[in-house]
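Here's the structure we're looking at; comments come further down.
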Amino acid sequence: MDYDEECSIVLELSEKDPFFDKKKKLLQSKGFSPKERIYLKSCSKPGWMNATVEVLLQIARIIQLNELELYFAEDDVCASVEFYSSRNELEALNSIVLFTDISLSICSDLHTNLLQRLRQTILDLISDFGDKNSVKGTVEKEHRCDQEEGLIEWGENNGVTTQLKIAYIEGAGRGAIARKDLKVGDIALEIPVSIIISEELLRETDMYGILKEIDGISSETILLLWSMKEKYNCDSKFKIYFDTLPEKFNTGLSFSIEAITMLDGTLLLEEIMQARQHLHAQYDELFPVLSNNFPDIFPPELYTWEKFLWACELWYTNSMKIMYSDGKLRTCLIPIAGFLNHSLCPHVLHYGKVDPATNSLKFCLSRPCRYGEECCLSYGSFSSSHLLTFYGFLPQGDNPYDVIPLDIDDSDVDSIEDIPVSSWTTHMVRGTWLSKNHNIFYYGLPSPLLDNLRRSRSPMLRTKTFLQGSLETELEVLDNLKNIFDDMMHCMDEIDLDDRENCSWDENLAMDFKNLQRRIAHSVSTSCQTGMEMLKNELYKCMAEDIQG
């Protein structure tokens, strides 16, 4: 912030950003530098605030891109991209709010009104964005939550402060809804470290003393084994918490053979099978050896495979990675916080760091949550396959992290002259309906993938030109890509939906996921076909000009 009559804001891309070079290139393609100064004018033309905010947002969006979003970001100056993901948009908007808050605390009176106007404009954008992009959950009022409310009362007696209550949400099970209107920055839930279940609780137990001597056993596994026994401990400090946990979590790890078979033709089938095999191998390494050697600490009846799988699903669905004040990252169970459901447009973006001043974990809002509205957080930028396998649900709405990875070898593509080899080592596609650029040379497909395929076919040829050679290469690239996804759809037989009502929960989830994968593959194939038609028209024009010449 400059302290003259005309103040300015400097947005700078950190050189420590792991994707600094890629983001710098993207910023430059939009006409910005990695360190950009934006002037705030207190008396200017009408609309200057909206214009200024738009510039701030364009830069902030790029700075806040994660790796997957960056892969799909258009790198052409002609592509006017205004949206990358709900996560990115909320991060960008909140980063500007944070900056204005810091600036307001140190600025002179001369600039206070200007910054307050800027802050309110951003807050209005956050509110509007949430209204337009969130999926509202419907509360099932006939369901009582006496046990869950008992847990909240226990939490409040142990230092928890909350603006939330528990309710059943249609199609989502239990969730947390706001007791009153909450605004950006409000603390919806605050949990003291004293009731967070982490490795620290186990250090004085006999179980910990035995398990820590086993080579290669992780703190997460120790916690998992502790929770298997603690669930049945009538004297446990956390008994009321364990009593609220479901007897079955219904994740992809519990899929029946029938449901798994429905996933044939998708990568998820193999992912679930591998995950189950890994857990079985882990269990077999521990039992029955531990129960035979220490039957008092590991009673055989409490350490069956079924109870082990339940504990695995508990930690997959409810655990959070928490950064403690000592700088250590720990995997924890957090009573009450586990009721908050995932959303692609969450109210809470950041919740993983203990506040050293209060020794508590705070769940602060990144967008408003009205009275009676479900308050959601983000479990992470996960694909639907990950959410299904480890959490047992598919998110509502278009998930921008739903990708189909492609096995493409870059090793044979050489760097020639000023056309460097792509710095992306993995390639993927997602639903082309998420792209705003379906013009020729883009087709709604990711540029890194297309550039790689172009170079592999014609490394010496200049691409994205309307010359005959370039157009013919484009046709070959799209034809090859279309064949790949046509074959993929052929392998994923369409599922008959006539008898859905009589299907089990896992069969319905499997069908929904497979249909989603088919939809993505179909969109890529359709975009390739549309692109090929555009290219043929341009090639016809090009050849006609050559004949006339």
Can you find a side-chain donor-acceptor pair between [X] and [Y] that sits under 3.5 Å?
{"X": "Tyr391", "Y": "Glu313", "result": "no"}
{"X": "Asp402", "Y": "Ser384", "result": "yes"}
{"X": "Ser218", "Y": "Thr221", "result": "yes"}
{"X": "Lys136", "Y": "Thr138", "result": "no"}
{"X": "Glu153", "Y": "Asn157", "result": "no"}
{"X": "Asp243", "Y": "Gln147", "result": "no"}
{"X": "Glu230", "Y": "Ser227", "result": "no"}

**Request:** Evaluate salt bridge (charged side-chain N to carboxylate O under 4.0 Å, His left out) for Lys165 paired with Glu149, printing each intermediate quantity in order.
**Result:** CA-CA 7 Å; Lys165 64 179 182 179; Glu149 289 300 327; over 6 Å; no
Would you say the side chain of [Y] lies within less than 4.5 Å of the side chain of [X], judging by non-hydrogen atoms?
{"X": "Glu170", "Y": "Val139", "answer": "no"}
{"X": "Glu140", "Y": "Ile169", "answer": "no"}
{"X": "Lys23", "Y": "Leu70", "answer": "yes"}
{"X": "Phe382", "Y": "Asn399", "answer": "no"}
{"X": "Ile191", "Y": "Ser360", "answer": "no"}
{"X": "Lys362", "Y": "Tyr351", "answer": "no"}
{"X": "Leu377", "Y": "His342", "answer": "no"}
{"X": "Tyr442", "Y": "Ser435", "answer": "no"}

Please name the pair of heavy atoms, one in [X] and one in [Y], separated by the smallest distance, quoted to 0.1 Å.
{"X": "Ile196", "Y": "Leu201", "answer": "O-CD1, 3.7 Å"}
{"X": "Gly444", "Y": "Thr432", "answer": "O-CG2, 3.5 Å"}
{"X": "Ala188", "Y": "Cys375", "answer": "CB-SG, 4.4 Å"}
{"X": "Cys528", "Y": "Leu481", "answer": "SG-CB, 3.9 Å"}
{"X": "Pro346", "Y": "Leu90", "answer": "O-CD1, 3.4 Å"}
{"X": "Thr121", "Y": "Met49", "answer": "OG1-CG, 3.6 Å"}

**Message:** For Glu220, give me all partners under salt bridge (Lys or Arg N to Asp or Glu O under 4.0 Å), at least two apart in sequence or on another chain.
**Reply:** Lys321
**Request:** Go through the structure and list residues passing salt bridge (Lys or Arg N to Asp or Glu O under 4.0 Å) with Lys24, not counting sequence neighbours.
**Result:** none
Give a yes or no on whether [X] atom [atom1] has more than 12 heavy-atom contacts from other residues, nucleotides or ligands under 6.0 Å away.
{"X": "Phe20", "atom1": "CZ", "result": "yes"}
{"X": "Gln396", "atom1": "CD", "result": "no"}
{"X": "Arg144", "atom1": "CZ", "result": "no"}
{"X": "Lys237", "atom1": "NZ", "result": "yes"}

**Request:** Begin from the C-alpha positions of Phe363 and Glu190 and carry the test side chain to side chain contact (heavy atoms under 4.5 Å, CB included) through to its verdict.
**Result:** CA-CA 6 Å; Phe363 294 75; Glu190 183 173 358; over 6 Å; no
Does the [X] side chain pair with the main chain of [Y], one donor and one acceptor, at a distance under 3.5 Å?
{"X": "Gln120", "Y": "Arg117", "answer": "no"}
{"X": "Asn66", "Y": "Ser381", "answer": "no"}
{"X": "Arg367", "Y": "Ser127", "answer": "no"}
{"X": "Ser29", "Y": "Leu26", "answer": "yes"}
{"X": "Ser523", "Y": "Ile520", "answer": "yes"}
{"X": "Asn452", "Y": "Pro448", "answer": "no"}
{"X": "Asn94", "Y": "Ser366", "answer": "yes"}
{"X": "Ser95", "Y": "Ala92", "answer": "yes"}
{"X": "Asn88", "Y": "Tyr84", "answer": "no"}
{"X": "His522", "Y": "Phe485", "answer": "no"}

Once you round to the nearest 0.5 Å, how far does [atom1] of [X] lie from [atom2] of [Y]?
{"X": "Ile195", "Y": "Cys332", "atom1": "CD1", "atom2": "SG", "result": "12.0 Å"}
{"X": "Leu361", "Y": "Ile322", "atom1": "CG", "atom2": "CD1", "result": "4.5 Å"}
{"X": "Leu182", "Y": "Ile187", "atom1": "CG", "atom2": "CD1", "result": "11.0 Å"}
{"X": "Ile334", "Y": "Leu189", "atom1": "CD1", "atom2": "CG", "result": "9.0 Å"}
{"X": "Leu388", "Y": "Leu509", "atom1": "CG", "atom2": "CG", "result": "5.0 Å"}
{"X": "Met428", "Y": "Leu406", "atom1": "CE", "atom2": "CG", "result": "8.5 Å"}

**Request:** Quick one: sort the Phe238 and Trp154 rings into parallel, tilted or perpendicular, breaks at 30° and 60°.
**Result:** perpendicular
**Request:** Classify the angle between the aromatic ring planes of Phe393 and Tyr379 as parallel (below 30°), tilted (30 to 60°) or perpendicular (above 60°).
**Result:** perpendicular
**Fill in**
Paired with Arg61, the salt bridge (charged side-chain N to carboxylate O under 4.0 Å, His left out) test is passed by just one of Glu54, Glu91, Glu69, namely Glu54
**Item:** Sole residue of Asp131, Asp181, Asp186 in salt bridge (charged side-chain N to carboxylate O under 4.0 Å, His left out) with Arg370
**Value:** Asp131
**Request:** In sequence, state the C-alpha distance, the side-chain angles, and the governing distance for Tyr401 and Arg87, and then conclude on side chain to side chain contact (heavy atoms under 4.5 Å, CB included).
**Result:** CA-CA 11 Å; Tyr401 310 109; Arg87 181 213 69 85; 3.6 Å; yes
**Item:** Presence of salt bridge, Arg454 and Glu474, under 4.0 angstrom
**Value:** yes
**Prompt:** How far apart are the C-alpha atoms of Val403 and Val429, what are their side-chain angles, what is the distance that settles it, and do they pass the side chain to side chain contact (heavy atoms under 4.5 Å, CB included) test?
**Reply:** CA-CA 5 Å; Val403 300; Val429 297; over 6 Å; no
**Asked** side chain to side chain contact (heavy atoms under 4.5 Å, CB included) with Thr52: which residues, sequence neighbours excluded?
**Response** Ile38, Leu40, Trp48, Leu56
**Message:** Please report whether the ring centroid of His386 lies less than 6.0 Å from that of Phe390.
**Reply:** yes
**Prompt:** Are Arg430 and Phe72 in a cation-pi setup, meaning NZ or CZ lies under 6.0 angstrom from the ring centre and within 45 degrees of the ring axis?
**Reply:** yes
**Axial cation check for Trp424 ring with Lys22, 6.0 Å and 45° limits** = yes
